[in-house]
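Presented below is the structure to which this report refers.
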There are 2 protein chains.
Amino acid sequence: MAEKRSDKTTITDVARHAGVSTATAGRVLGGYGYTSAENKEKVRLAAQALGYRANQLARSLITGKTRTIGVVAGDIQSPFYASVLRGIADVARAQGFGVLLTNSDERLEREIEAVQLLLEKQIDGLIVAPCDTSGARHLHDAAASGCPIVQIDRRVAGLAADSVTLDNRHAARDSIGRLIAAGHRRIGMIAELERFEFGDMEAFVDGVVAGSIDPETLFPSWQRLFGYIEAHIVHGISIDRSLIGRAGTYSGSAARAATMKLLQRADRPTALFTADGLMSAVAMDAITSLDLSLPDALSLICFDDLDWMRFLKPGITAIAQPLTEMGEAAARLILSRIGGEGSAEQHHVLTHTLALRGSVSAPQAIDA
Amino acid sequence: MAEKRSDKTTITDVARHAGVSTATAGRVLGGYGYTSAENKEKVRLAAQALGYRANQLARSLITGKTRTIGVVAGDIQSPFYASVLRGIADVARAQGFGVLLTNSDERLEREIEAVQLLLEKQIDGLIVAPCDTSGARHLHDAAASGCPIVQIDRRVAGLAADSVTLDNRHAARDSIGRLIAAGHRRIGMIAELERFEFGDMEAFVDGVVAGSIDPETLFPSWQRLFGYIEAHIVHGISIDRSLIGRAGTYSGSAARAATMKLLQRADRPTALFTADGLMSAVAMDAITSLDLSLPDALSLICFDDLDWMRFLKPGITAIAQPLTEMGEAAARLILSRIGGEGSAEQHHVLTHTLALRGSVSAPQAIDA
DNA sequence: TTGTAGGCGTTATCAC
DNA sequence: GTGATAACGCCTACAA
């Protein structure tokens, strides 16, 4: 019959009520040290009678552990982060850990603020989708100050922290390979392709061809373009740079414009590859508004497997990322680091699945 | 030039380094009380030199405020909770509050555990989508212990706590009204319809007809059914209970089976109303697999406006909930309560938007 | 304006 | 096994 006092019953109250010292009360309530069965029972009863609830703040202050992990997501509203977060939260809950969530909107200033907030709240570990893969001074500092970090989706160059990412390059290369095998030679691509410091698109394509670009710490959309280019190289197909549509930072309207432009050309591509979920939805919108019928007028492979891709007619062939698994892996990693695991940094690269559906066929001649 | 010591620089270190007392250091670092400009500067410099970072745990322990709000969502992976959470996080961040997230999976035991965890972490307020609208002892206790609570999506009967919900009943009534106005008389419905204690479906329909059921604390899918029934009553159309498909607790397969059964009947309905996002996706899947063409063979209105509803051909007429707004409203409410606002409990009821698209037309004769 | 002293609710360290 | 007592890092008196 727990009372409902104003949330103030402390361990001292319980001790007094049970007729023991605060130390003893602490031992049974905190589950550490030795206590006689008799006192254990007395304390438990007292605690229940008073409606005692442990104050983890005080505990954390002294133990130095909060059993809380911080997460900096780009935007939880997106299916990507929502699923990853689900995986994180599940693993955390199973271990009695809490999850403190923030959004960066992929903006560095936000990320810096978020990390600061989380660190001040003394999180035991940080899972972050870094939005600057080259500098990230705040992450270096956090890591140096002893806070374990796990990166997801992309990696900061030179940061000594674990990571869980996808094999973006291979996923794209395989998919483009499928299109090429189906007979396509002009394959359009719609991708975000923001934040690239090594020059412009031309320079990037040249760099990939020349083998002078390290794909490890590129943003996913660039890694996917990397795979797109590689597939062309492997099959000896020249790259028409004008078929690569850059949508810019998660802007639906820019992506739509780029797609429309690509699909309204007289020499439009016979196949299209969209580099993430947003691009896929936008492209699909453009495709239906142009009344292009899949797969006859256009073949399509999308990165990210969204639910509608299953029940459209025809179904959309899609690259599925193991999203909750990514979150789970990240959470397991951070928990093992928190647990004291001190081995060298680990970089988990997860594998995609290609969901083959009906949106790919051999190209049709566009002009009869 | 912040050093990267092992996260241990305390206010005492800063004070010593600056040559002042801990009280003075605390005053400038914590931003309270009076300090001379000279000392202010000295302390700031010392703090920066040592890489000082405030320990909010210690601060919270003494102030009794953590500047953290706890959230118990059903499943962040769903677009519904993802969007609501986004709204919550935005408002919280703007006020410097953190968000501690948990999932209940709509299971009471999980919710109880989650609330316990959050309370022990001393959250300043709780936003919860309660999964039991009748008992909820843990929520009553939490409220009694002084923790402000805001309920979202549904309300616990008799719980003295604010809420933010949708006008589910009106949204459904209006939509069904549209279908009836278009000429439909046999309108199918696919809904979750779990957790109903007042009897079975028959009893519910009878209860609504008799006006003996209070819709306030029903689960959303029941409120939507309530509106469905009301629309029929208003227009003098008798209700064929066999047209109401119960899918059970968020199970895609059960929902699909129910939909298929409904749509394969000889006397199948001429219009369909799906009561939430999952039901809509599943129904759409069934519809395309049966090759029913919208809106000729079937008219369709969906609860929850998912992105694919915009670019399908025809577009799907949908009831859009203001989801991020729901989260924002909930966060604003909880923050004002935390700020000491002591007025009577507030119940915000948000209004839906009906996105009119091409999935509704007059019914066609099924057998020629 | 500044410093000293006490305490927030726990856990940790000792003697007993 | 148990109970004083000192931390943990900070804030809040209060006195100077």
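Below, read A as the first sequence line, B as the second, and so on, with proteins coming before strands; counting in each chain starts at 1. When reading the values below, keep in mind they use all heavy atoms of this one structure, side chains included, and skip hydrogens, waters and symmetry mates.
For Asn39(B) and dT2(C), the shortest distance from a side-chain N or O to OP1 or OP2 is below 4.0 Å. Remark: Ser36(A) is not in phosphate contact with dG1(D), judged by side-chain N or O atoms under 4.0 Å from OP1 or OP2. Proximity of Ser21(B) to the phosphate of dT2(C): no side-chain N or O atom is located under 4.0 Å from OP1 or OP2.
At a threshold of 4.0 angstrom between heavy atoms, the contacts of Ser60(B) with the nucleic acid are absent.
Rounded to an integer number of Å, the gap from NZ of Lys42(B) to P of dT1(C) is 15 Å. If you take OH of Tyr34(A) and P of dC14(C), they are 16 Å apart, rounded to a whole angstrom.
You'll find the side chain of Val99(A) reaches within 4.5 Å of the side chain of Leu85(A), heavy atoms only.
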Contact letters for nucleotides 8-16 of chain D, in which S counts primed atoms plus P, OP1 and OP2 and B counts the base, heavy atoms under 4.0 Å = BBBBB----
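Gln346(B) places no side-chain N or O within donor-acceptor distance of the main-chain N or O of Leu333(B), the cut-off being under 3.5 Å.
Direction change of the helix axis from one end of the helix from dT1(C)-dA16(D) to dC16(C)-dG1(D) to the other is 40°, with five pairs defining each end axis (rounded to 10°).
By the side-chain hydrogen bond (donor to acceptor under 3.5 Å, both in side chains) test, Glu120(B) pairs with Gln56(A), Gln116(B), sequence neighbours left out. Every residue meeting the salt bridge (Lys or Arg N to Asp or Glu O under 4.0 Å) condition with Asp75(A), not counting sequence neighbours, appears here in chain and number order: Arg86(B). Judged as a salt bridge (Lys or Arg N to Asp or Glu O under 4.0 Å), and not counting sequence neighbours, Arg67(B) has no contacts.
Lys121(B) and Thr68(A) form a side-chain donor-acceptor contact under 3.5 Å, judged by distance and modelled atom types alone. Ser83(B) and Gln77(A) form a side-chain donor-acceptor contact under 3.5 Å, judged by distance and modelled atom types alone.
Counting only residues at least two apart or on different chains, the side chain to side chain donor-acceptor pair (under 3.5 Å) pairs with a member in residues 19-30 of chain A are Ser21(A)-Thr24(A).
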